[in-house]
A.B. asks: 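Could you have a look at this structure, given as structure tokens, before my questions?
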Amino acid sequence: HLTGDDDRGIGLATAALRELDPEAEPGRTALLLEQRGLLRCIGDPDVGVADLRRALELVSGGAYERERGRVLASLAYMLKKSRDAEQAGPAAEEALDIARQGDDLATQASALLTLAMMGCEEGAPGGYQAALDMLAEARAAASRAGDYHLMMNAIINESHLLEGMGEHARAAEVAKAGLAESQRYGLIRTSEAVLAVNQAEPLAALGRWDEAIEVIDAALGSGSIRVSRSSLWQLAGNLALARGDLDRARDNEAVAVFLRGLTHGMSVRH
């Protein structure tokens, strides 16, 4: 999961599930289903969500509240990505309540990330500032829990949100700092390309095109996962087009389309 090796992660989780009796160990089984569900959602959201719902069924008797909170937070995240706000919001709220009662900082961070991004998307008054406040709370909770993957998600969401607000300089700085954090915690493979896009886009919006291209080129020279690299090539193509370099724009677009096609091919096997 942390290295973006979805196929291997799914295989390992499936093998582990064969070793467990759901009736004897519902909590452990639910957490494995939750992990496999998150991995499957990358390629096939319906199949992944089915794992998450099955996991939730296993821990809904009141004896496994910590596991229930974690599964609810993951389910809320995936429902939000599927644009199912009607179910995502209540699931995230319940996950947050359970996590706060049990002092589960990682699950608090996960639920807060979902609620933050839902709040600004719904256009509520003061939604952007409220979302930034929740993201700061999520980042602090993830840091205290030592969950650096969730920390990266908070940084990615913050830079994305700031760019959406038109705060280009702040967005670029947050993403730049996030790149340094991803190197520090060994999460370059899954985080670098996304953060590079989140840094390069606001730099381009500020007219700092040369700097944006430097960020893209540096990220393309590393080992980030395919689905993220496609976004880098797409942005490089957009910048080439804006400069009138049509041949390079076409070449970059072709690479982006190719990488997205490979990712789709992987998802079929999931």
Side-chain angles (χ1 to χ4, degrees), residues 1-16 31-32 34-45 48 51 73-74 77-78 81 106 109-110 113 117 135 138-139 142-143 145-160 163 171-203 212-237 252 255-270:
H1 173 58
L2 294 177
T3 62
D5 195 344
D6 307 331
D7 284 329
R8 191 176 180 201
I10 290 167
L12 289 168
T14 300
L31 291 181
L32 272 169
E34 182 243 2
Q35 183 65 80
R36 188 177 72 174
L38 288 174
L39 288 164
R40 281 178 159 177
C41 278
I42 295 167
D44 191 334
D51 268 350
S74 295
Y77 168 71
M78 291 314 308
K81 284 179 72 76
S110 179
L113 288 173
M117 301 313 289
L135 288 175
R139 184 172 174 179
S143 177
D147 193 318
Y148 305 118
H149 177 68
L150 284 173
M151 278 181 60
M152 289 299 103
N153 285 347
I155 293 169
I156 288 167
N157 285 346
E158 183 183 355
S159 58
H160 174 75
E163 176 63 6
E173 284 302 313
V174 169
K176 181 180 180 180
L179 281 168
E181 290 288 284
S182 69
Q183 292 172 345
R184 178 181 179 188
Y185 296 118
L187 294 172
I188 282 288
R189 182 171 164 78
T190 51
S191 300
E192 182 182 29
V194 180
L195 285 164
V197 169
N198 283 14
Q199 183 183 3
E201 281 185 338
L203 287 173
I213 291 169
E214 286 178 9
V215 170
I216 293 169
D217 286 346
L220 286 174
S222 72
S224 52
I225 58 177
R226 275 196 293 251
V227 65
S228 300
R229 290 172 71 82
S230 67
S231 298
L232 282 167
W233 283 105
Q234 182 71 58
L235 181 54
N252 290 345
V255 175
V257 170
F258 174 71
L259 289 174
R260 285 196 293 271
L262 286 178
T263 302
H264 176 71
M266 290 167 59
S267 72
V268 170
R269 293 198 301 275
H270 295 175

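Please read all numbers here as calculations on a predicted model, not as lab measurements.
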A.B. asks: Can you confirm whether L220 sits close enough to W233 that some side-chain heavy atom of one is under 4.5 Å from a side-chain heavy atom of the other?
C.D. replies: yes

A.B. asks: Using side chain to side chain contact (heavy atoms under 4.5 Å, CB included), reason through I155 and V174 one step at a time and then give a plain yes or no.
C.D. replies: CA-CA 7 Å; I155 293 169; V174 169; 4.0 Å; yes

A.B. asks: Please state whether the rings of H1 and H149 are parallel, tilted or perpendicular, taking 30° and 60° as the class boundaries.
C.D. replies: perpendicular

A.B. asks: Which value, rounded to the nearest 0.5 Å, describes the distance between S74 atom OG and D51 atom CG?
C.D. replies: 11.5 Å

A.B. asks: Using modelled atom types and a 3.5 Å cut-off, is there a donor and acceptor pairing between side-chain atoms of T14 and backbone atoms of I10?
C.D. replies: yes

A.B. asks: Looking at Q234 and A256, what are the two nearest heavy atoms and their distance?
C.D. replies: N-CB, 3.8 Å

A.B. asks: Taking atom CG of L179 and atom OG of S191, what is their separation to the nearest 0.5 Å?
C.D. replies: 9.0 Å

A.B. asks: Taking all non-hydrogen atoms of both residues into account, name the closest pair between C41 and M78 and its distance.
C.D. replies: CB-CE, 3.2 Å

A.B. asks: Set out, in order, the CA-CA distance, both residues' side-chain angles and the distance that settles side chain to side chain contact (heavy atoms under 4.5 Å, CB included) for M152 and L195, then state yes or no.
C.D. replies: CA-CA 9 Å; M152 289 299 103; L195 285 164; 4.3 Å; yes

A.B. asks: Keeping the roles fixed (side chain from R139, backbone from A154), state whether a donor-acceptor pair exists under 3.5 Å.
C.D. replies: no

A.B. asks: Atom CD1 in I42, atom NZ in K81: separation rounded to 0.5 Å?
C.D. replies: 9.0 Å

A.B. asks: Kindly give the heavy-atom pair with the smallest separation between A145 and A106, and that separation in Å.
C.D. replies: CB-N, 3.8 Å

A.B. asks: If you compare all heavy atoms of A193 against all heavy atoms of L232, which two are closest, and at what distance to 0.1 Å?
C.D. replies: CB-CD1, 3.6 Å

A.B. asks: Output, in order, the C-alpha distance, side-chain angles, deciding distance and verdict of side chain to side chain contact (heavy atoms under 4.5 Å, CB included) for D147 and M151.
C.D. replies: CA-CA 7 Å; D147 193 318; M151 278 181 60; over 6 Å; no

A.B. asks: To the nearest 0.5 Å, tell me how far D7 CG sits from L39 CG.
C.D. replies: 9.5 Å

A.B. asks: How close do S159 and N198 get, counting heavy atoms only, and between which atoms?
C.D. replies: OG-ND2, 2.8 Å

A.B. asks: Passes side chain to side chain contact (heavy atoms under 4.5 Å, CB included), L135 versus L113? Steps please.
C.D. replies: CA-CA 6 Å; L135 288 175; L113 288 173; 3.6 Å; yes

A.B. asks: So which heavy atom on A109 is nearest to which on A138, and how close?
C.D. replies: CB-O, 3.4 Å

A.B. asks: Is there a side-chain contact between L187 and L2, using heavy atoms and a 4.5 Å cut-off?
C.D. replies: yes

A.B. asks: What is the distance from atom CG of L235 to atom CD of Q199, rounded to the nearest 0.5 Å?
C.D. replies: 11.0 Å

A.B. asks: L150 versus S110: any side-chain heavy-atom pair under 4.5 Å?
C.D. replies: yes

